[in-house]
Amino acid sequence: MTHADFRALHLRGMSRDFGLLNALKGVDLTVERGEFIALLGPSGCGKSTALNCLAGLLPLTAGSIWLDDKRIDRLGPEDRGFGMVFQNYALFPHMNVRRNIGFGLRMQRRVKAEIDAKVEEAIRLVRLGAQAEKLPGQISGGQQQRVAIARAIVVEPPLVLMDEPLSNLDAKLRLEMRAEIRRIHNLLGCATIYVTHDQDEALSLADRIVVLRDGQVRQIGTPEVLYARPAHADVAEFMGYRNVLPARAMRDGGIVRVSVGQATFAGTLVDDVNDGPALAAIRPEDLTPRDGGPLAANVRTAEYRGRDFYGVAVTADGTELFFRAEHRVATGETLHLGADASRVLVYAA
Ligand code: ATP
């Protein structure tokens, strides 16, 4: 299967209002051919609006979309020719798998021999050979998802748009289909834009993650950067730094010391922070009981997660801390928690 020949998709100030609500505010992004981009953000941040604008289902209120040097934001969905995979699959219930997959090619009035060959190839690609003659109601959710993917890619689109495609599948199947989606993306060599609110999904699938909040891009980066060095405290919180603690920063040469309540410990500056109010962000897995741990806190709850225990402990001044322990801890027990300086990210307050 070949892919449409383009170099990059450009979003320039892409904006969409709903009445007085600015659902998307000037999104700038360049997606290279071959890239897998995850659009990540909390509910209501504008992910689906962005995808619908790209697909041509929603007009922009400002800005533009370009495929190389061709402006496409005033073209209808059919003329953009992007592949779309939705949460609810949107398969035709009365058509068998083969006919569902061939639908786009029939709409394009391709000749029968070409349609048959391309559908066969797509069926092989998503491994549905044994299901080709069945109706959607006769196959599993994961298989229906594969049909939706095959139908989207069979027309060889330059761009495949996916809106939370795995959210209706159980946990095990979700993991399998994740790997499957990435495998198919790699084979096709087109670009994929994948909307999700699930950080793990974004981290495991994407070449780059675009974090949206309130219709604005907060950060664009590789999974490694988003995981280890979120650029803002709110992005850190969204990426799993559940402890975002009001702190005071004191710069000391190359390092920074932070005080949280009575406790003082070393951290890593992310922002250009001055001495004074700051925020210290720490992942639960990095905040552990240790000798001389500066944060004394009483265990409120702890649960076993297979390898470690994760829990909540409360300091004397009432601050809740999310921690990890390698050994069982008891409710009411006092822990001395700490984290390595490289795992304490310090942001301007
Ligand atoms: P979710 O993860 O919950 O699907 P999202 O990030 O996809 O959320 P959008 O669906 O893009 O968010 O919505 C962004 C904002 O625009 C929200 O405040 C939403 O209420 C609003 N919105 C979306 N569609 C419409 C519409 N047709 N009319 C009015 N407001 C809308």
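Note that ligands are numbered from 1 as they come in the structure, with each ligand's atoms numbered from 1 the same way.
Interatomic distance, Arg71 CZ to Ile65 CD1, rounded to the nearest 0.5 Å: 9.0 Å.
Residue-ligand proximity, Ser48 to ligand 1, at heavy-atom distances under 4.0 Å covers atoms 4 (O), 5 (P), 7 (O), 10 (O), 11 (O). Atom numbering of ligand 1 starts at 1 in the shown order; those under 4.0 Å from a heavy atom of Pro42 are 6 (O). The atoms of ligand 1 that sit less than 4.0 Å from any heavy atom of Thr49 are 9 (P), 11 (O), 13 (O), 14 (C). For ligand 1, the atoms lying closer than 4.0 Å to a non-hydrogen atom of Leu21 are 15 (C), 16 (O), 18 (O), 21 (C). Of all atoms in ligand 1, numbered sequentially from 1 with element shown, those under 4.0 Å from a heavy atom of Ala23 are 15 (C), 16 (O).
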Evaluate the ring pair (Phe, Tyr, Trp, His ring centres under 6.0 Å) criterion for residues Tyr310 and Phe322: first the C-alpha distance (whole Å), next the side-chain angles of each, then the deciding distance (0.1 Å), finally the verdict. CA-CA 7 Å; Tyr310 280 80; Phe322 298 90; over 10 Å; no
Evaluate the criterion ring pair (Phe, Tyr, Trp, His ring centres under 6.0 Å) for residue pair Tyr194 and Phe36; output intermediate values, then yes/no. CA-CA 8 Å; Tyr194 185 103; Phe36 196 118; 5.7 Å; yes
May I have the step-by-step check of side chain to side chain donor-acceptor pair (under 3.5 Å) for Asp73 and Ser64, ending in yes or no? CA-CA 6 Å; Asp73 55 272; Ser64 56; 4.7 Å; no
Between Asp317 and Thr315, does a side chain to side chain donor-acceptor pair (under 3.5 Å) hold up when you go through it step by step? CA-CA 5 Å; Asp317 66 4; Thr315 65; 2.5 Å; yes
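The closest approach between any non-hydrogen atom of Gly19 and ligand 1 is not below 4.0 Å. Distances from ligand 1 to the non-hydrogen atoms of Gly41 include no value under 4.0 Å.
The nearest heavy-atom contact from the protein to atom 2 (O) of ligand 1 is Lys47 NZ, 2.8 Å. In terms of protein heavy-atom proximity, atom 8 (O) of ligand 1 is nearest to Gly44 N, 2.8 Å. When only non-hydrogen protein atoms are considered, atom 31 (C) of ligand 1 lies nearest to Phe18 CD1, 3.3 Å. The protein heavy-atom contact nearest to atom 3 (O) of ligand 1 is Ser43 OG, 2.6 Å.
Both tests hold for Arg283 against Tyr227: distance to the six-membered ring centre under 6.0 Å, angle to the ring axis within 45°.
Atom 20 (O) of ligand 1 lies below 4.0 Å from none of the non-hydrogen atoms of the protein.
Ligand 1 has no N or O atom lying under 3.5 Å from any N or O atom of Ala50, backbone or side chain.
The two residues Thr30 and Ala8 come nearest to each other via the heavy atoms CG2-CB, 4.0 Å.
Within 6.0 Å of CZ in Arg183 there are more than 12 heavy atoms belonging to other residues, nucleotides or ligands. For Arg7, the CZ atom is loosely surrounded, since the number of other residues' heavy atoms within 6.0 Å does not exceed 12.
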